[in-house]
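What you see below is based on every heavy atom in this structure, not just the backbone, and it leaves out hydrogens, waters and symmetry mates.
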Number of protein chains: 2
Amino acid sequence: MTSSNKQTQTDKLAAEIGDAILSGVLAPGTRLDEHGLAEQYAVSRTPVREAIRSLAATGLVELRPRRSAVVAEITPAQLEVMFVAMGELEATCARLSAMSMTPIERRRLQNQHERMGALVESDDVAGFIEANLTFHALIYAGSHNGILADMAVGLRRRLDPYRRAQFRSPGRLPRSQAEHERIMQAIVSGDAAAAHAAMLNHVSLVEDTFIGLTATRAA
Amino acid sequence: MTSSNKQTQTDKLAAEIGDAILSGVLAPGTRLDEHGLAEQYAVSRTPVREAIRSLAATGLVELRPRRSAVVAEITPAQLEVMFVAMGELEATCARLSAMSMTPIERRRLQNQHERMGALVESDDVAGFIEANLTFHALIYAGSHNGILADMAVGLRRRLDPYRRAQFRSPGRLPRSQAEHERIMQAIVSGDAAAAHAAMLNHVSLVEDTFIGLTATRAA
DNA sequence: AAATCAAAAACTGCATGCAAAATCGCGAGG
DNA sequence: CCTCGCGATTTTGCATGCAGTTTTTGATTT
């Protein structure tokens with residue numbers, strides 16, 4: 001079990017329902033019927049209500065007083081806003097990392113980048129996606145600011161479903177790696193402005209790829 | 001009534017208890033006894049529990065399973081992190097504002113700044129604090145990014161109790177106004193990098209003032 | 001007098017029940 | 001045929017009750 005059963009039912013439910021939403025099992029707009037969920041998870045309505053309220057605070061569900069809570073709908077406009085916000089947060093973390101990473105952290109980032117080079121060579125998309133998470137997580141952590149890092153992690157988690165597709169674009173891996181190279185170099189050499197710019201550029205390109213995908217799909 | 005009684009008890013309680021915490025009525029570390037709060041607000045424990053869970057998601061209270069929730073303690077280290085995070089968020093909003101404010105929004109920011117000049121002249125501290133909120137709110141809104149704006153607002157709200165004191169430092173008003181001048185100019189003229197730098201500088205100085213105050217108090 | 005441990009009190013987590021609001025369905029009217 | 005309104009059903013919001021855990025208290029021992 002990934003989730004320890006030491007915590008309360010409410011916490012387990014919040015995690016479970018949250019995963020269901022993020023993985024698409026519960027589609028946006030779905031009504032969250034308390035009674036139904038209670039029955040489904042074999043608990044009473046009370047913990048379900050509390051879990052829903054927790055999820056509402058994270059933005060995953062929308063609370064409408066006296067009416068069913070629903071899985072939050074994400075309009076293309078909101079998605080755009082979220083991508084921009086995440087880009088800015090990542091860029092900020094990169095900037096802070098350039099300024100305040102310890103030598104060990106810089107070394108780790110460099111190592112991770114080199115490891116990813118091998119994955120690009122072997123065209124291991126799944127491995128690259130996984131390693132990419134770590135790469136970015138190292139930069140969050142390097143900012144030495146848990147609040148900004150948490151915000152970035154939360155947004156990334158939220159956007160993940162929309163990002164998966166884009167690594168399959170042909171030639172995406174080598175391009176990502178090249179962008180990472182610039183980001184990593186800037187951070188390791190302590191060039192805050194360059195780190196910020198490189199990360200912003202990187203994330204913007206990812207976003208553009210995504211927007212392109214949806215535009216194609218929508219058209 | 002400031003809070004409309006259209007919403008649910010839970011929402012009202014969350015707002016009420018949240019205000020009590022932010023205003024210092026409920027000091028950090030205080031145990032949030034469900035039974036006691038229920039009695040105090042003349043409701044049952046259920047809405048109290050849900051309100052507490054909401055507040056936990058905002059970071060105002062800390063949830064400890066099977067034990068009382070407590071008002072979150074803020075260590076100086078956390079405070080420092082929060083100040084940095086807020087500074088970065090504000091700077092980012094300023095940058096985005098410089099890039100994407102509409103002409104009308106730029107005009108409004110300019111007007112607000114000029115209005116604050118008069119308050120500095122008359123040394124109206126309370127008025128300046130109020131107007132200062134608006135000034136910064138205009139910049140949040142000008143970023144055209146509700147997510148970043150919400151994050152900034154939330155952090156500002158959270159830090160507000162620690163910020164109040166610092167406007168009373170002698171000569172703070174004119175200095176703030178001068179810094180605002182540079183921020184405003186950069187945004188209005190569309191200089192993103194300058195807006196970012198000016199805002200970061202502004203907020204850092206505020207933070208330094210605060211750190212100075214606490215250091216004095218602690219010593 | 002301080003420390004230890006056990007019993008009692010208090011409190012949280014969860015289930016259940018009830019009243020009010022919202023939704024749905026059906027029939028009347030245009 | 002469509003729209004509107006009214007009653008029935010569903011569903012939320014909140015209160016209350018019970019079981020298990022934590023905390024407190026008081027007695028006992030060193």
Is the closest side-chain heavy-atom distance between A:Leu55 and A:Leu32 below 4.5 Å? no
For the residue pair A:Asn145 and B:Glu88, establish whether any side-chain heavy-atom pair is separated by less than 4.5 Å. no
Nearest-nucleotide 5' precedence on DNA chain C, A:Ser44 against B:Ser68: B:Ser68
So which one's nearest nucleotide on DNA chain C is more toward 5', A:Arg31 or B:Ala69? B:Ala69
When the distance from [atom1] of [X] to [atom2] of [N] is rounded to whole Å, what number comes out?
{"X": "A:His35", "N": "C:dC18", "atom1": "NE2", "atom2": "P", "value": "15 Å"}
{"X": "B:Glu50", "N": "C:dT12", "atom1": "CD", "atom2": "P", "value": "15 Å"}
{"X": "B:Asp33", "N": "D:dT22", "atom1": "CG", "atom2": "C1'", "value": "13 Å"}
{"X": "A:Glu34", "N": "D:dG13", "atom1": "CD", "atom2": "C1'", "value": "8 Å"}
{"X": "A:Arg45", "N": "D:dT16", "atom1": "CZ", "atom2": "P", "value": "16 Å"}
{"X": "B:Arg64", "N": "C:dC11", "atom1": "CZ", "atom2": "P", "value": "13 Å"}
{"X": "A:Tyr41", "N": "C:dG13", "atom1": "OH", "atom2": "P", "value": "21 Å"}

Let's see if you can work this out: which of [options] has an atom nearest to the side-chain heavy atoms of [X]?
{"X": "B:Gln9", "options": "D:dT21, D:dC14, C:dT16", "value": "D:dC14"}
{"X": "B:Arg66", "options": "D:dG13, D:dT12, C:dG13", "value": "C:dG13"}
{"X": "A:Pro47", "options": "C:dC14, C:dT12, D:dA15", "value": "C:dC14"}
{"X": "B:Arg49", "options": "C:dC11, D:dA15, C:dG13", "value": "C:dG13"}

Got a donor-acceptor pair under 3.5 Å from the side chain of B:Arg67 to the base of C:dG13? no
Distance test, side-chain N/O of A:Thr46 to OP1/OP2 of C:dG13, below 4.0 Å: no
Phosphate-side-chain proximity, A:Thr10 and C:dG13, N/O vs OP1/OP2 below 4.0 Å: no
Taking distance alone, no hydrogens or angles, what donor-acceptor pairs closer than 3.5 Å link side-chain atoms of residues 35-46 of chain A to residues at least two apart or in another chain?
unit_1  : atom_1 : unit_2  : atom_2 : d
A:Ser44 : OG     : A:Thr46 : N      : 3.2
A:Arg45 : NE     : A:Glu34 : OE1    : 3.2
A:Arg45 : NH2    : A:Glu34 : OE1    : 3.0

Evaluate A:His144 against A:Glu105 for side-chain hydrogen bond (donor to acceptor under 3.5 Å, both in side chains), listing each step before the verdict. CA-CA 11 Å; A:His144 296 176; A:Glu105 286 171 326; 2.7 Å; yes
Check every strand shown and say whether A:Leu32 touches a base, only sugar-phosphate, or nothing at a heavy-atom separation below 4.0 Å. sugar-phosphate
Specify the closest pair of heavy atoms between A:Ser100 and A:Ser143, including all atoms of both residues, with the distance to one decimal. OG-O, 3.9 Å
